[in-house]
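Okay, so here's the structure we're looking at.
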Amino acid sequence: MQPRYHPGEIEGPVQAYWEKNHSFEVTEEPGREKFYCLSMLPYPSGHLHMGHVRNYTIGDVMSRYQRMRGRNVMQPMGWDAFGLPAENAAIQRQVPPAKWTYQNIEHMRDQLKRMGFGYDWNREVTTCRPEYYRWEQWFFTRLIEKGLAYRRNALVNWDPVDQTVLANEQVIDGKGWRSGAVVERREIPQWFIRITAYADELLNELDLLEGWPDSVKTMQRNWIGRSEGLEIDFELAGGSGQPLRIFTTRPDTLYGATFMAVSADHPLAQAAAARDSSISNFVASCHSGGASEAELESMEKQGMPLGVDAINPLSGEKIPVWVANFVLIGYGTGAIMAVPAHDERDHEFAIRYGLPIRQVIAPATGESVDVQAQAWVDKEDTVTINSGEFSGLDYQAFFDRVADFAEQRGIGRRQVNYRLRDWGVSRQRYWGCPVPVIHCSACGAVPVPDDQLPVLLPEDVTFMGVQSPLKSLPEWRSAQCPKCGAMGERETDTFDTFVESSWYYARYCTPGAESMLDERANYWLPVDHYIGGIEHAVLHLLYFRFWHKLMRDVGLVGCSEPTVNLLCQGMVLAKAYYRDTEEEGRIWIRPDEVEFQQDPNGQEPMPVWRADGRAVEATGWTTMSKSKNNGADPQDLIDRYGADTVRLFAMFASPPDQALEWNDDAVAGSQRFLRRLWALVHRHHPLPTAPATDFSTADDETKALRHQLHTILQRIQRDMERHQYNTVVAACMELVNALDRFDVAESPQRQAALREALDVLVRVLAPVTPHICHALWEVLAMDGELLDATWPVVDPLALKREQVQLVVQINGKLRAEIEVAADAKDKEIQVIALADPRVSRHIGNAAVRKFVIVPGRLVNIVV
RNA sequence: GCCAGUGUGGCGGAAUUGGUAGACGCGGCGGAUUCAAAAUCCGCUUCUUUCACGAGAGUGUGGGUUCGAGUCCCUCCACUGGUACCA
C-alpha cells in the first residue's frame, strides 16, 4: 500500500473494474425488492455544471446505500436533448443543432463516468433520437383521438422585426433580446393537452404523496388553484347585445361592484374601439409588451371607460364598463366585475380613476373598517351590509341565496374554476419533436397514422436566420392527407420539451422495446426516489404526474403516480460580476478574474477586475449560468483533486435541499480529510482481522471509543435515511479525529476495536467516496465486493452508559454540569443538583419553586 | 404583483425536531517539524468585559406563548426559486 493518497492512480482503475464487471447493469428480479433511483436528466449544454454534480452525487449516494441494504437498484441516465440553446448555438457558430447536441452528449457522458456515478448505461435515453420521440408522436395521436389534445388560439410574444415567436426568457424589459424591438402580444393557433380534465385528480392525489416535500405539494395545490364560484350575467343597459358574463369567487360582494372591466380583445372593447379612436389607441397599447404572468401582473393597471353601462342583476344599478389592461381574454370570460372595497387590485384601479368604493362586507364582530383607505378582503366571520334584501348574511349563506336566485332565473350558475390552464405544447421552433399532424384543406388537422410514424425531424439543416428551417423545407412540408389522399401541409410546430421529460423515466425501464413501453415497466415503476432541482417544483413535476396518468389510462402503466418519494435539491449559487460598457453593453467577468481591494475609508471591500484594476459591479448570490459567466467548472476540480474529493465536498457543503453558495476554497479541506483517512488506514492496515471479540472486559478508553463509534454510526444511519448527507460526512470526520487520537498499543482488544471502527468507516463512506473506499477495502482484505457489502449495524451493548452528564439550568440559564447514574431517580438528581456549589451560589436564599427534569439531558430549577 | 422557501460566528453549515447555540469543515492567529518552503501535526478562534475565575449579550427586525424558543405563533425586512415559450 502506498503511504500517500493519490486519487489519480486509484480512480481510473476502479472505474475500469466496474465497467469490466458490468457492476451497475441490472435486470428485473421478480423475487427481489427493487429500488428505482432517478435523477432528473440533464440538458446537454456541453459541460457538466455544479448543479449536475450535486444532483447526481445525491442520487448515487442514495443508490449505493440502498444496494448495501440489499435492494436491486436501478439508476439510469439520459439526455433532455431538444431545446432552445441548440438553436442559439446553431445561429452563433453555424453548426447544426443535431451535431452540436450529439457532441455535447459524448463529452458529458465521459464527465459523468469520470465522476464514478453508477449508471446502467444500457438504458440511456436520448430524447432527440427518433427511436425515442416516435412513441411520443404515437401517444399524441392517441390523445387527439380521445379528445385530450386539441387546437385553439393562444397568446405568444411576437417580435415584429425578427418576425418570430419569442420565449419569455428572450423578452427583456418588454423588448426582443436580439432585435430590441418592442414585443407584441399576439394570438396564434396552438396545440393543447387537456390537463384541466385531470385537475381534480392531480389535486386530490397530492394528499397521498407522503414522500413529497410539503412545499412542493403546496405550490402544486396553489398552481391548480381550484375555486368554487358563480358565473353570472350582467345585462347591458339599452338591452342591446349579449349580456356580459363574468366569473366571481366572491358573489357576496355583488352589491359592491362599482364598475366592470373587460379585456382589450373582448367584443365590447373591439366595438367601442371601432367608433372611438382614443379607445382604439388604448386597445392597441394593451398589445405591447411580453405575455408572461410576472410582466402582466406587475405592470401599471390602466383602463378607459367604454361609454357602455351594465346592469347589476341583483340591485338593478347601472354601472360603467371599462376596458382594462389587466383583464385577459384567455382567462375566464375575459370580463370581471370590480369591487374596489373588497379587492386590492380593483381598489388600486378605483383610486387611480376616482371610481366609487362602496363597502358591502363588514366584520361579524361589528368592528369598523375603512375601505376607502384600503381594501378589506376577509371572507370568514363576515356579514353583508348595504346589500338590500341580501344584507346580514355570511359568505356561504349569501353564496347559496344568490346562486339559487341566478339559477332559477337562468342568468348564471355555480361553477368550479381552476387557475390551471390547459397545457400548450406547440412551439414554433425547429429543434424539437415534430407534432405528428397533417393539415388538409378538406379534412382539417389529421393525425399521422401509426404506420407513417415517426415523422422524422431533418437533422442536416442550415440556419439562415432566427426562423425555423422547417418552414423553408417545402419537400418536407408537403404531405398527403391520410384521410382523403389530397395534398396537405405538415404541421411545422414542434413539441414543448416538457413533453419529452414527462415520460423518459418510464422508457428507462424498457430499453429497446418495440412499443412505447412493455411489461418491464411494471416491475420498476413507480420510481422509488426522484431527485432534482427545486426549480421544477410546479411545471415539470406536474406534467410528469399528468402524463403518467395519461399512460395509465391507456393501460401502459399500472400505478397512478410516477414517484413515491421526491427530493428537491437547492440551487447552486455563485456571485457574479459585471460592468456596463458603451460599446458592448453589459459584460460579465469571471469570478476568478476579480479581486477585492480594501477601501481606504474602511468601507466594504471593492471588487475590481484584475485585468485593468478598475471597479466592477457585484450581484448577490445567483444561479450559476453560462450567460453570467459565473459557473464553477467541476472539470477543473476533478482534474485537480479527483472525483471522490468533489463528491465529498458536494455532499459536505450543505444539506441537499438547501441552496448551496459555492466557494472553491473549501474543496481543499475535503481532500485533506481523504488524505488523513488514507494515512490512518495505512498506519493500521497490518492489524489482524479480529473475529467477534468480547469487549465486556475492555478498558475504559476502548469502551469509550466503541461508545463513540456506535453513537456516530447511529447518527449516520439516521441521517442516511433522511438524506442529510452533510452530517453523515461530518460524523465520519469526527470518527477519524477520534481514531487518530486512539492508541492501540499492544492490546488485542484495542486493536480489535480499531479494526471494527475502520471497517465501519469504509462501509459508511463507500456511497459518498466509492473509489478510495474500494481501494481501502482491498487493503483491509475484507471479504467480497464493497458494492454489495452489508451496511454496518449499531451494537446496542456499546451504547450502554453507567453515568450520564446532566446540564443544570437556573431559570433557564446554564449554571452547572453534574454527573449522575444513568438510572438515577428524579429525587436523587434533585439532591445532587442542589448540592453543587455553583448551583447553591446562584440560588442563594431564593425558594425553589419548580424542578423540571428532562431525562438524560437537563435539570431546570425555577426560583 | 402572486405562490413557495431561506435568514445562526469572518465563511459553508450543526443543533437528537421545544432542552448545553456554534458539531464538522474553511479561513485566521500561535506553536512544532524543516536550512527554507510545501505538506503534516498540536493549540486557540461568537461578541463585550475581566490578569484570571467569572459575568453579560447573542440565531434578520419587533412583539407573543413557555420553567425553557434558532426551533412554535403574529408583524415587518432582506435574499433565493417559480410564475405556464429557459430547462
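Sequence lines set the chain letters: A, B, ... in the order given, protein chains first and strands last, and positions in each chain run from 1.
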Any salt bridge linking K301(A) with D346(A)? Criterion: basic side-chain nitrogen under 4.0 Å from a carboxylate oxygen. no
Does K217(A) make a side-chain N or O approach to OP1 or OP2 of C3(B) shorter than 4.0 Å? no
Looking at R715(A), I'd like to know whether one of its side-chain N or O atoms comes within less than 4.0 Å of OP1 or OP2 on A23(B). no
Would you indicate, yes or no, if G25(B) has its OP1 or OP2 atom less than 4.0 angstrom from a side-chain nitrogen or oxygen of N737(A)? yes
Counting just side-chain N and O atoms, does R675(A) come under 4.0 Å of either OP1 or OP2 of A39(B)? no
Could you tell me whether the phosphate oxygens of C85(B), OP1 or OP2, come under 4.0 Å of any side-chain nitrogen or oxygen in R421(A)? no
Ignoring hydrogens and angles, answer whether the base of C86(B) and the side-chain atoms of E535(A) contain a donor-acceptor pair closer than 3.5 Å. no
Quick check on G27(B): is either OP1 or OP2 less than 4.0 Å from any side-chain nitrogen or oxygen of R672(A)? yes
For the pair D836(A) and R838(A), find out whether any cationic side-chain nitrogen is under 4.0 Å from an anionic carboxylate oxygen. yes
No-H, no-angle donor-acceptor pair, N222(A) side chain to C3(B) base, under 3.5 Å: no
Does G18(B) have its OP1 or OP2 closer than 4.0 Å to a side-chain nitrogen or oxygen of Q809(A)? no
Rounded to whole angstroms, how far apart are CZ on R722(A) and P on U17(B)? 9 Å
Any side-chain N or O of N168(A) under 4.0 Å from OP1/OP2 of A84(B)? yes
Output the rounded distance in Å from CD1 (I810(A)) to P (G56(B)). 11 Å
Could you tell me whether R185(A) and E295(A) make a salt bridge, using a distance below 4.0 angstrom between a side-chain N and a carboxylate O? no
A14(B) phosphate, OP1 or OP2: any side-chain N/O from T727(A) under 4.0 angstrom? no
SB check R427(A) D493(A) (cutoff 4.0 Å): no
Side-chain-base donor-acceptor pair under 3.5 Å for R429(A) and C85(B): yes
